Amino acid sequence: MTTFFDEVQEIRKRYPAGARSATLPALRLAQEKHGWLSREAIEETADALEVTPAFCYSVASFYDMFHLEPVGRHTIEICTNLPCALCGAQKVVEAFESALGISAGETTADGEVTLRAVECLGGCGYATVVAVDHRYRQNVKAEDAAEIVEGLDA
Amino acid sequence: MPEQKVLLAGTDKHDLTKLAEYQAIGGYGKGLERARAMTSEELIDELQRATLRGRGGAGFPMGRKASLIDRKSSKPKYLVVNADESEPGAFKDRQVMAEVPHRLIEGCLIAAHAIESTSVFIYIRGEYLTEYEILQGAVDEARAAGLFGGVEITVHRGAGAYICGEETALLESLEGKRGQPRPRPPFPPIQGLYYAPTQINNVCTIATVPTILTIGAEEFAKTGVPSSPGTAIFSISGNVVRPGNYELPLGTPMRELIYEHAGGIANGRELKAVIPGGSSVPALTPDQIDVPLDYDSLGAIGTFFGAASLIVVDDRCCMVQLALRSTKFYAHESCGKCTPCRVGTRWMVQILESIENGTATRADLDLLDSVGDNILGKVLCALGEFAVYPVASYLHKWRDEFVAHVEQGGCPFHGSSSLEGILAPSDQHAHAEVLV
Ligand SMILES: Cc1cc2nc3c(=O)[nH]c(=O)nc-3n(C[C@H](O)[C@H](O)[C@H](O)COP(=O)(O)O)c2cc1C
Ligand code: SF4
Ligand code: FES
């Protein structure tokens, strides 16, 4: 079985020697493995990249897709930028909030689902765009929220 | 004018994510062969004669950019494709990657040949997972088929940061760092990725290149208008009947796109505003929509072609709320490097909030203008301008509405605006800001 360390070394080979370009891919891999970028995940990444944990932390904190706090096993991300907003994204946010019993920005008490509003996902013509575990659902209406929540695998 | 498919040619009848189907319609054929038979100078000359203007925002001619590459440098040359597409309103690059990934790859091979590069990076925004999988699959298939001719193409995923679409921030991010723009000069053609000469182009720019080589620059330039030849994929979103992507010749009247292709304003409402280039550009009023959709015509009326992405706004929308939601985005995405941008955008949010909730005075409208003026020209990259330009246009063109907020002590829409209560990501995790 390839270890995390080995996988990161494979990624590093895609870039010139000495480059730090594997930082984002390695952090992504660590996050996939740990669920979020815990101290342990950051340290493991830093070791594999031969950089300091502080460097990894500073990079990770810059990007919205890296989680420096625990998140739910599932994520539901609703675009609320202008085009989606003009077509009723706020109603979609509210429908998910009531289907899950939490506010946007929160995780359900059982740690299963994180709900958040996000900036434009690049699907503006198919409003409202909702990323469910990073897969886009387009033309989502408030009525669809309950079904999407029920469809999350247990 | 009907749709005219160049970038998206063949997608109606074929699954062009498959190499064999792309080759069946001439892909990796005559265009690539012609390019490879040319010297770098001949190829750059052909691209310059096509006057292909960059589709990522600034409209700089692609061939001219290639001619600026420091070819005497002893360092490797790099081609970087900007697939970070995060401008609100834009979703065209995504369709190209999902439906015609091989046209983008073929464009990379030709453009790499032009600048004598053997190393190409495609920086794709992290959220585009499905598109990444399709593109990576196409890269692997084309490489396995022996089409790369010594070139290597690496697809590199971002991780959620709008600023990484700015070319020097993209380079920093690709180097594994925080995505903060670099001071210029030096410009990327002299010192870009790993401090080596680098050509950076948008997905649609590069995906147009195979067609230029296949039909020739002169034939290519017959479509569109002389100052902006070719077609562009226009993303149209907001309050229209048929939002989506439409590939049209440059110079097509905006009215035709909105009323014919996109079916006009939805729900029987009235047109109020069009933000023509993605949310970062000055908006147009309904009497301005006869403008031809090309770089110079839009520039002549004080706005920008930008990302060829029109956001159509109907009469239910409160322009103060529009300004506020827009500014929250740019404030959230400011990388924080320049004080006028970092502080100024947050200040704009506060002033707009006070206008919307009725606690502002007329002096605050002038203050909003002056905060904007203090960002313009005093920052490292164009994000600062992207925050200010649209808001300044809303304030000046819909000034009555801003004044009404002040005079009535609140929003004249009384809760009926289409943007009422819209949540912004920055509203929900304020604590995360502390970490940065
Ligand atoms: C804040 C900001 C965001 C940008 N985002 C993008 C983007 O997502 N995609 C893109 O192609 N260009 C973007 N640009 C423009 C790039 O800096 C650059 O001009 C472009 O990639 C060059 O390609 P082109 O000449 O083919 O248009 C952005 C610019 C700024 C200032
Ligand atoms: S203008 Fe804003 S986004 Fe651009 S470098 Fe300065 S702080 Fe960063
Ligand atoms: S505004 Fe929602 S996907 Fe672009």
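In what follows, chains carry the letters A, B, and so on, assigned in the order in which the sequence lines appear, proteins first and then strands, with residues in each chain numbered from 1. Note that the structure is a prediction, hence the values are computed from the model and not measured.
No donor-acceptor contact under 3.5 angstrom links the side chains of Tyr126(A) and Ser237(B), judged on distance only.
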* CA sep, side-chain torsions, deciding dist, call: Glu133(B), Arg135(A), salt bridge (charged side-chain N to carboxylate O under 4.0 Å, His left out) -> CA-CA 12 Å; Glu133(B) 291 167 350; Arg135(A) 298 289 173 185; 2.9 Å; yes
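If you tally non-hydrogen atom pairs under 4.5 Å between each of Lys177(B), Glu333(B), Arg125(B), Arg325(B) and chain A, the highest count goes to Arg325(B). The residue among Phe91(B), Phe121(B), Tyr194(B) with the most heavy atom pairs within less than 4.5 Å of chain A is Phe91(B).
Here OH of Tyr15(A) is found 10.5 Å from OG of Ser119(B). Values are rounded to the nearest 0.5 Å. Rounding to the nearest 0.5 Å places CD1 of Ile11(A) at 10.0 Å from NE2 of His156(B).
When heavy atoms are compared at a cutoff of 4.5 Å, Val59(A) approaches chain B by way of both its backbone and its side chain. When heavy atoms are compared at a cutoff of 4.5 Å, Ala127(A) does not approach chain B at all.
Contacts from residues 78-91 of chain A to chain B, taken as heavy-atom pairs separated by less than 4.5 Å, involve Thr80(A), Asn81(A), Leu82(A), Pro83(A), Ala85(A), Leu86(A), Cys87(A), Ala89(A), Gln90(A) in sequence order. Contacts from residues 136-149 of chain A to chain B, taken as heavy-atom pairs separated by less than 4.5 Å, involve Tyr136(A), Gln138(A) in sequence order. Among the residues in residues 24-40 of chain A, those with a non-hydrogen atom closer than 4.5 angstrom to a non-hydrogen atom of chain B are Leu24(A), Pro25(A), Arg28(A). Heavy-atom proximity under 4.5 angstrom to chain A picks out Arg316(B), Cys317(B), Leu322(B) from residues 315-323 of chain B.
Distance alone, capped at 3.5 Å, places no donor-acceptor pair between the Ser21(A) side chain and the Gly176(B) backbone.
Remark: Lys13(A) does not engage Glu152(B) in a salt bridge, criterion side-chain N to carboxylate O under 4.0 Å.
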